[in-house]
S.K.: 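Just dropping this structure here.
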Amino acid sequence: MRTRVTMLNTMASQDFEQALDRFRAWGLEVVDLKNGIYGQSVERLTAAQAESAAQAMQRRGLQAYCLSTELFHDDLEKGEAHFRAHHLDRVDQAVEVAKILKPSLIRLLSARTAVSADEPGRAELIARSRPWLTRLYQEAIDRIADAGFMVTIENEAHRNLWSRPQEVVSDFAALNRPGRVHFTYDVQNLWQMGTFPTMEAYRQLRPLIGFLHVKGGKRGETGS
C-alpha cells in the first residue's frame with residue numbers, strides 16, 4: 001500500500017487557495033482540511049463554501065483526505081448535556097460538508113479535562129465520565145459511518161484524557177466500532193502527555209493506527 005503524505009491546509013498558507021497552490025507545487029495530492037477555509041473551520045462551512053472549496057481543489061487536481069474537525073475537544077467538567085449540544089449535535093453539519101468535499105476521513109478529537117495529570121481526583125473524574133462520553137462518541141461514529149465515511153480520533157496534547165497507549169487501547173475497545181473508526185496517532189502529542197515515542201508504544205497502538213501525525217523536527221545544535 002502506497003503511503004500518502006498530507007498536511008493541514010493552514011500549514012501551507014493562511015489563504016486557502018494559496019495553500020492549495022503550494023500543495024500542488026510541492027507535489028502533494030491530498031489535503032487535510034481544518035480551518036481558514038474562506039474564513040471558516042471545516043465543520044462550519046456552508047454548502048456554498050464547501051462547493052467552492054471542492055471546485056478549488058478539483059481545478060488543481062487535489063482531493064480532500066480528512067476533515068479535521070474540532071468536535072469533542074472539550075473539558076469533561078462541562079458534562080454530558082454540553083457535549084451533546086456543542087459536539088454531537090454538530091456532527092450532522094460535518095457530514096453534510098463531507099458529502100460535498102468527499103474526504104476519506106472525518107476526524108474527531110479526544111476529550112480533555114481541566115484536572116492536570118498529577119492532581120488527585122483525575123482518575124475518578126475520567127471514570128465517572130467515561131460511560132456517557134463513550135455513548136456520545138458511539139453515536140457520532142455511527143452517524144458518520146452510516147453516511148459512508150471513516151472516522152478517525154486524534155489524541156491532542158495538554159490536559160488530554162490519553163496519556164498512555166493503554167488508555168487509548170482501552171477506550172477503543174469500549175467504543176466497539178471495528179471497521180468504523182481508527183486512531184490518528186500524533187506522536188508528539190502523546191509525548192507531551194508523558195509517553196516517550198518508543199517502539200513498544202507504537203506496537204501497542206499499531207492495530208488501531210490509520211493516520212500518523214509527525215511534526216517538530218530539528219537539525220543542528222541551535223534547533224534550526
Side-chain angles (χ1 to χ4, degrees), residues 1-71 73 94-110 144-145 147-157 179-192 197 199 201-202 205-224:
M1 183 180 296
R2 184 170 69 95
T3 299
R4 294 196 291 177
V5 177
T6 187
M7 61 193 299
L8 296 171
N9 57 283
T10 49
M11 290 181 172
S13 174
Q14 295 298 312
D15 179 273
F16 179 63
E17 298 210 12
Q18 185 177 75
L20 298 184
D21 289 336
R22 288 180 176 167
F23 269 63
R24 179 73 176 174
W26 293 339
L28 300 177
E29 300 172 353
V30 290
V31 186
D32 189 351
L33 296 164
K34 183 180 180 183
N35 49 25
I37 307 166
Y38 306 124
Q40 291 288 354
S41 57
V42 68
E43 71 268 25
R44 295 183 181 275
L45 291 176
T46 65
Q49 289 169 329
E51 289 284 3
S52 295
Q55 292 169 13
M57 287 187 289
Q58 185 176 28
R59 288 195 299 270
R60 295 163 174 84
L62 298 169
Q63 294 180 315
Y65 180 68
C66 182
L67 302 191
S68 284
T69 79
E70 297 284 333
L71 297 175
H73 190 219
V95 167
E96 293 305 309
V97 171
K99 289 177 181 178
I100 298 170
L101 293 173
K102 298 180 171 33
S104 298
L105 308 174
I106 296 180
R107 181 193 76 167
L108 307 177
L109 287 172
S110 50
I144 294 168
F149 302 100
M150 185 70 177
V151 182
T152 190
I153 303 177
E154 180 185 350
N155 60 300
E156 272 288 6
R180 293 192 149 208
V181 60
H182 60 51
F183 179 51
T184 291
Y185 177 25
D186 189 308
V187 178
Q188 180 168 295
N189 285 354
L190 200 62
W191 189 355
Q192 286 183 284
M199 287 304 299
Y202 167 71
L205 294 169
R206 181 177 178 179
L208 303 174
I209 297 171
F211 196 1
L212 181 67
H213 280 193
V214 292
K215 58 182 180 286
K218 295 182 179 180
R219 67 179 178 84
E221 292 183 2
T222 63
S224 60

S.K.: If I compare all heavy atoms of M150 with all of I144, which pair ends up nearest, and what's the gap?
M.R.: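 Closest approach of M150 to I144, heavy atoms only: O-CG2, 4.5 Å.
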
S.K.: Supply the atom-to-atom distance S104 OG to L67 CG, rounded to the nearest 0.5 angstrom.
M.R.: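 These two atoms lie 9.5 Å from each other.
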
S.K.: If you look at every heavy atom in G61 and R24, which pair is closest and at what distance?
M.R.: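 For G61 and R24, the tightest heavy-atom pair comes out as CA-NH1, 4.2 Å.
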
S.K.: Do L190 and L205 have side-chain heavy atoms sitting under 4.5 Å apart?
M.R.: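 They are in side-chain contact.
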
S.K.: Under 30°, 30 to 60°, or over 60°: which ring-plane class applies to Y185 and F183, parallel, tilted or perpendicular?
M.R.: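 Parallel, since the angle between the ring planes stays under 30°.
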
S.K.: Got P103 and L33 here, is their nearest side-chain heavy-atom distance under 4.5 Å?
M.R.: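 No, too far: nothing below the 4.5 Å cut-off.
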
S.K.: To the nearest 0.5 Å, what is the distance between CD1 on I100 and CD on Q55?
M.R.: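 The CD1 atom of I100 sits 10.0 Å away from the CD atom of Q55.
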
S.K.: Can you give me the closest heavy-atom contact between A54 and L101, atom names plus distance?
M.R.: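 Smallest interatomic distance, heavy atoms only, reads N-CD2, 3.7 Å.
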
S.K.: Using a strict cut-off of less than 4.0 Å between a Lys/Arg side-chain nitrogen and an Asp/Glu carboxylate oxygen, indicate whether R59 and E17 qualify as a salt bridge.
M.R.: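 Result for this pair is yes, salt bridge flagged.
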
S.K.: Could you walk me through whether I106 and V151 pass the side-chain contact (heavy atoms from CB on, under 4.5 Å) test, one step at a time?
M.R.: CA-CA 5 Å; I106 296 180; V151 182; 5.6 Å; no

S.K.: Hey, is CD on Q40 packed in by over 12 heavy atoms from elsewhere, all under 6.0 Å?
M.R.: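 Correct, the count exceeds 12.
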
S.K.: Any non-hydrogen side-chain atom of V5 less than 4.5 Å from a side-chain atom of L28?
M.R.: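 They are in contact (side-chain heavy atoms under 4.5 Å apart), so the answer is yes.
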
S.K.: If you compare all heavy atoms of S110 against all heavy atoms of I153, which two are closest, and at what distance to 0.1 Å?
M.R.: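 Closest pair (atom of S110, atom of I153, distance): N-CG2, 3.9 Å.
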
S.K.: Report yes if some heavy atom in the side chain of F211 is under 4.5 Å from a heavy atom in the side chain of T6; otherwise report no.
M.R.: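 In contact.
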
S.K.: Distance from D21 atom CG to F16 atom CZ, nearest 0.5 Å?
M.R.: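 Going from CG on D21 over to CZ on F16, the span is 10.5 Å.
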
S.K.: For a quick test of reading the model, state the closest non-hydrogen atom pair linking F23 to A12 and the distance between them.
M.R.: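 Looks like CE1-CB, 3.7 Å.
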
S.K.: Evaluate the criterion side-chain contact (heavy atoms from CB on, under 4.5 Å) for residue pair N9 and L20; output intermediate values, then yes/no.
M.R.: CA-CA 7 Å; N9 57 283; L20 298 184; 5.6 Å; no

S.K.: Taking D32 for the side chain and Y65 for the main chain, is one N or O donor matched with an acceptor at less than 3.5 Å?
M.R.: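 Side chain of D32 to backbone of Y65: no pair is present.
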
S.K.: Can you confirm whether more than 12 heavy atoms, excluding those of R44, are under 6.0 Å from its CZ atom?
M.R.: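 Result for CZ/R44: open.
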
S.K.: Step by step, work out the side-chain contact (heavy atoms from CB on, under 4.5 Å) result for R22 and S13.
M.R.: CA-CA 8 Å; R22 288 180 176 167; S13 174; 3.8 Å; yes

S.K.: Could you go step by step and tell me if N189 and E154 meet the side-chain contact (heavy atoms from CB on, under 4.5 Å) rule?
M.R.: CA-CA 9 Å; N189 285 354; E154 180 185 350; 3.9 Å; yes

S.K.: Measure the spacing between OG1 of T10 and CG of D15 and express it to the nearest 0.5 Å.
M.R.: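 With rounding to 0.5 Å, OG1 (T10) is 12.0 Å from CG (D15).
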
S.K.: Which heavy atom of W191 sits nearest to which heavy atom of P197, and what is that distance?
M.R.: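 Scanning both residues completely, I find the closest heavy atoms to be CD2-CD, 3.6 Å.
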
S.K.: Yes or no on side-chain hydrogen bond (donor to acceptor under 3.5 Å, both in side chains) for H73 and E156, after CA distance, side-chain angles and deciding distance?
M.R.: CA-CA 8 Å; H73 190 219; E156 272 288 6; 5.0 Å; no

S.K.: List the steps and the verdict of side-chain hydrogen bond (donor to acceptor under 3.5 Å, both in side chains) for E43 and T69.
M.R.: CA-CA 6 Å; E43 71 268 25; T69 79; 5.0 Å; no

S.K.: Among M57, R60, M7, find the residue that satisfies the side chain to side chain contact (heavy atoms under 4.5 Å, CB included) test when tested with V31.
M.R.: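 So the option named by the test is M57.
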
S.K.: Backbone N or O of T184 within a donor-acceptor pair of the T152 side chain at under 3.5 Å?
M.R.: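 Looks like yes, one N/O pair under 3.5 Å.
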
S.K.: Hey, could you give me the CD/CG distance between Q188 and N155, rounded to the nearest 0.5 Å?
M.R.: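 Here the interatomic distance stands at 11.0 Å.
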
S.K.: First locate atom CD of E70, then atom CZ of R107, and finally report the distance between them rounded to the nearest 0.5 Å.
M.R.: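 One gets 5.5 Å once the value is rounded to the nearest 0.5 Å.
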
